[in-house]
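In listed order, ligands and their atoms are each counted from 1. These numbers come from the heavy atoms of this one structure, side chains and all, not from hydrogens, waters or symmetry mates.
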Amino acid sequence: MEQSRHFIEQEIDKDLAEGVYEGVKTRFPPEPNGYLHIGHAKSIILNYGMAEEYGGKFNLRFDDTNPTKEKPEFVESIKEDVAWLGADWEDRLFFASNYFDQMYEYALVLVRKGKAYVSDLSADQIREYRGTLTEPGRDDPYRTRTIEENLRLFQEMKEGKYGDGEKVLRARIDMASPNINMRDPVIYRIAHMAHHNTGDKWCIYPMYDFAHPLEDAIEGITHSLCTLEFEDHRPLYNWFVKECECPHPPRQIEFAKLYLNNVVTGKRYIKKLVEDGTVDGWDDPRLVSIAGLRRRGYTPESIRHFVELCGISKAQSTAEMGMLEYCIREDLKPGVRRLMAVLNPVKLIIDNYPEGKTELLDALNNPENEELGSRKVSFSRELYIEREDFMENPPKKYFRLFPGNEVRLMHAYFVTCTGVDKDEDGNITCIHCTYDPDTKQGPEFRSDKKVKGTIHWVNAEDAVKVTARLYENIVDEEKGVYDEEGNVNLNPNSLKVCDSCYVEKELGEAVAFDRFQFVRNGYFVADPKDSMPGAPVFNRIVSLKSSFKLS
Ligand code: ATP
Ligand code: MG
């Protein structure tokens, strides 16, 4: 079936057919002022995808024109995340700050043409003069400075003769334009501040609206794909490209941002959670930063699938977190092994099983994928099972263990509960049962009995004690994402640490990013930060069913 092409593909097709461009060159232009999040993944995958589809080129370009918030740490994390998502920039890694000389020259082009002027108005005055949506702006009193004077003053701005905010360079466009962006926007400001790349070389820095189109033009970008909030800036984008006489005019096309319902996505909100210590860094597994999703156990494939399902359009919409979870389940279901892990253990003693005996039982690693083979699991008289798999006084339709009831121990035997031991406070310390040797699972099964419940277990003799972490949304969904002051409404149960889980022996050897299904409990990944050799810490990536509630 022919897939319908989204509007950006249609626009590119048209441009190529009409000979506007000979090939396709796209870019992802992050500002290194934080970590990337799931929204950025959409932009990365779209930009990279277009370059790939049309046999073009994809640039990773740091839009680092604002020295106040940018840091090398963010440059490194962004490179890691973009590469991890599979967007290969090859040798095309660029920094807007490397174009400062060219941008300055372009600004001079404007000044010489009488299309830019130096103004002494303060930021507040500029705002005041700008007018509103319903009222035109007023001309800046410095708008009529001569070209010679402007050239001299701009030169002096560059040389550091003026303090921050004393002067700016403005484009001379139209103070009465119905589009406020066109009312003589500021294109250079003074900031006596070191830049992470250029150091103290500059004390004037270009503004985003001026810098961005020039960066695209300098790199020969054909299609500059950006989000909808830049739609009203497009006339300005085109104005700069034209008036600066850029040889390869790029074309801006806007698409809708990716939003997730009830999820903290904005960089500045994530930053706040990191800075106030609410979360364990930018890669906290509860965040939808790319680093957080990676640490949580998401795969690049699952994120690409998700972005694909969300689609590319101009209409604003919100996606559900459940859809991202669906994508990771789909990805992991056939590919990972299903092992047994008990998150909340209680001892189960099989009183009629010989003491000191150990059997090795066959267990398929993934019944949906025979290629993953089988393994041997050890079985003996004392096991651990989930506390939730036993009830002393069960309700109707409870098919797991209770006194007198028989269940299947997965890959092993049927057992019948005979009673419990309790401590003096009445807490169950141990469950007793008997097993039926005729019910060994596999070819040796020779019983006509049937049971309704199957539970998992691990052998107490060689199970490894590990920590597992279960997550819920960091947002309190009942209250919504933000309160009146713009703080995140936190869910107090977003992290549950189970620090005495027992897992099959071989899981004790898991290393960073090893992924498994723990049968009945969900998909888990060995945490890359907190796991130690022989002592993995597991993060639950996602439960098996979307309706799953934390116990
Ligand atoms: P935030 O919106 O989280 O503050 P940002 O827009 O400030 O992020 P940039 O580094 O400027 O972050 O973004 C780089 C690119 O990613 C831009 O082209 C931007 O349009 C795009 N982008 C940012 N957020 C989203 C999103 N939610 N969906 C799709 N693209 C996005
Ligand atoms: Mg931005």
Side-chain angles (χ1 to χ4, degrees), residues 6 8 26-51 58-66 68-71 73-82 85 87 89 94-97 196 207-209 211-213 215-216 219 221 223-234 237 250-275 282 287-293 303-304 306-321 323-324 481-482 486 488:
H6 60 64
I8 292 180
T26 60
R27 85 292 172 260
F28 175 65
E31 187 184 355
N33 61 357
Y35 279 55
L36 299 180
H37 54 64
I38 185 79
H40 296 113
K42 175 174 180 174
S43 179
I44 294 165
I45 291 165
L46 171 64
N47 278 291
Y48 178 71
M50 291 302 94
F58 166 77
N59 294 357
L60 173 59
R61 179 210 309 145
F62 286 94
D63 203 342
D64 56 349
T65 55
N66 176 1
T68 51
K69 294 185 217 145
E70 296 164 3
K71 277 201 258 167
E73 178 201 347
F74 298 137
V75 171
E76 290 315 309
S77 77
I78 290 171
K79 280 160 68 176
E80 186 180 354
D81 292 347
V82 174
L85 282 170
W89 61 84
F94 302 107
F95 291 84
S97 53
H196 78 99
M207 303 301 285
Y208 178 88
D209 278 336
H212 201 85
E215 294 159 20
D216 286 341
E219 291 175 15
I221 297 303
H223 296 86
S224 179
L225 311 179
C226 67
T227 38
L228 281 181
E229 72 271 25
F230 294 104
E231 196 165 23
D232 291 344
H233 298 236
R234 190 179 347 123
Y237 182 102
R251 173 179 177 197
Q252 174 178 306
I253 304 178
E254 310 85 20
F255 62 94
K257 273 195 174 184
L258 173 63
Y259 287 107
L260 278 168
N261 201 9
N262 274 327
V263 172
V264 185
T265 39
K267 206 188 282 176
R268 83 193 161 94
Y269 295 104
I270 296 180
K271 192 176 199 147
K272 197 149 167 265
L273 294 176
V274 173
E275 281 169 358
W282 284 94
L287 296 175
V288 293
S289 55
I290 304 296
L293 290 169
I303 294 174
R304 289 201 296 263
F306 172 68
V307 166
E308 199 179 298
L309 288 180
C310 289
I312 301 297
S313 103
K314 258 197 181 313
Q316 203 60 257
S317 66
T318 23
E320 294 300 320
M321 194 62 196
M323 191 152 93
L324 184 57
V481 184
Y482 306 109
V488 174

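- By the 4.0 Å N-to-carboxylate-O rule, Glu229 lies close enough to Lys257 to be salt-bridged with it.
- Here Phe28 has side-chain heavy atoms under 4.0 Å from ligand 1, and that is the only part of it that gets that close.
- Using a cut-off of 4.0 Å between Lys/Arg side-chain N and Asp/Glu carboxylate O, Glu254 and Arg234 are scored as salt-bridged.
- Side chains of Phe306 and Leu260 form a contact here, defined as non-hydrogen atoms less than 4.5 Å apart.
- Every atom of ligand 1 with a heavy atom of Thr227 under 4.0 Å away is listed here by number and element: 19 (C), 20 (O), 29 (C), 30 (N), 31 (C).
- With a 6.0 Å radius and a threshold of 12 heavy atoms from other residues, nucleotides or ligands, Lys69 has its NZ atom at or below the threshold.
- Applying the 4.0 Å criterion to heavy atoms of His37 picks out, from ligand 1, the atoms 1 (P), 3 (O), 24 (N).
- Here Lys272 does not pair with Glu275 in a salt bridge; the nearest charged N to carboxylate O distance is not below 4.0 Å.
- Ligand 1 has an N or O atom lying under 3.5 Å from an N or O atom of Leu258, backbone or side chain.
- The aromatic rings of Trp282 and Phe74 lie perpendicular to each other, with more than 60° between the two planes, well past the 30° mark.
- The heavy atom nearest to atom 18 (O) of ligand 1, considering only Pro29, Cys310, Ser224, is found in Pro29.
- Counting heavy atoms under 4.0 Å from ligand 1, residue Arg268 does not touch it at all.
- The residue among Pro30, Gly39, Gly266 with a heavy atom at the shortest distance from atom 29 (C) of ligand 1 is Gly39.
- The option with the heavy atom closest to atom 5 (P) of ligand 1, from among His40, Glu31, Lys42, Lys69, is His40.
- Separation of the Tyr237 and Phe230 ring centroids does not fall under the 6.0 Å cut-off.
- The closest heavy-atom contact to atom 7 (O) of ligand 1, among the options Lys257, Lys267, Arg27, comes from Lys267.
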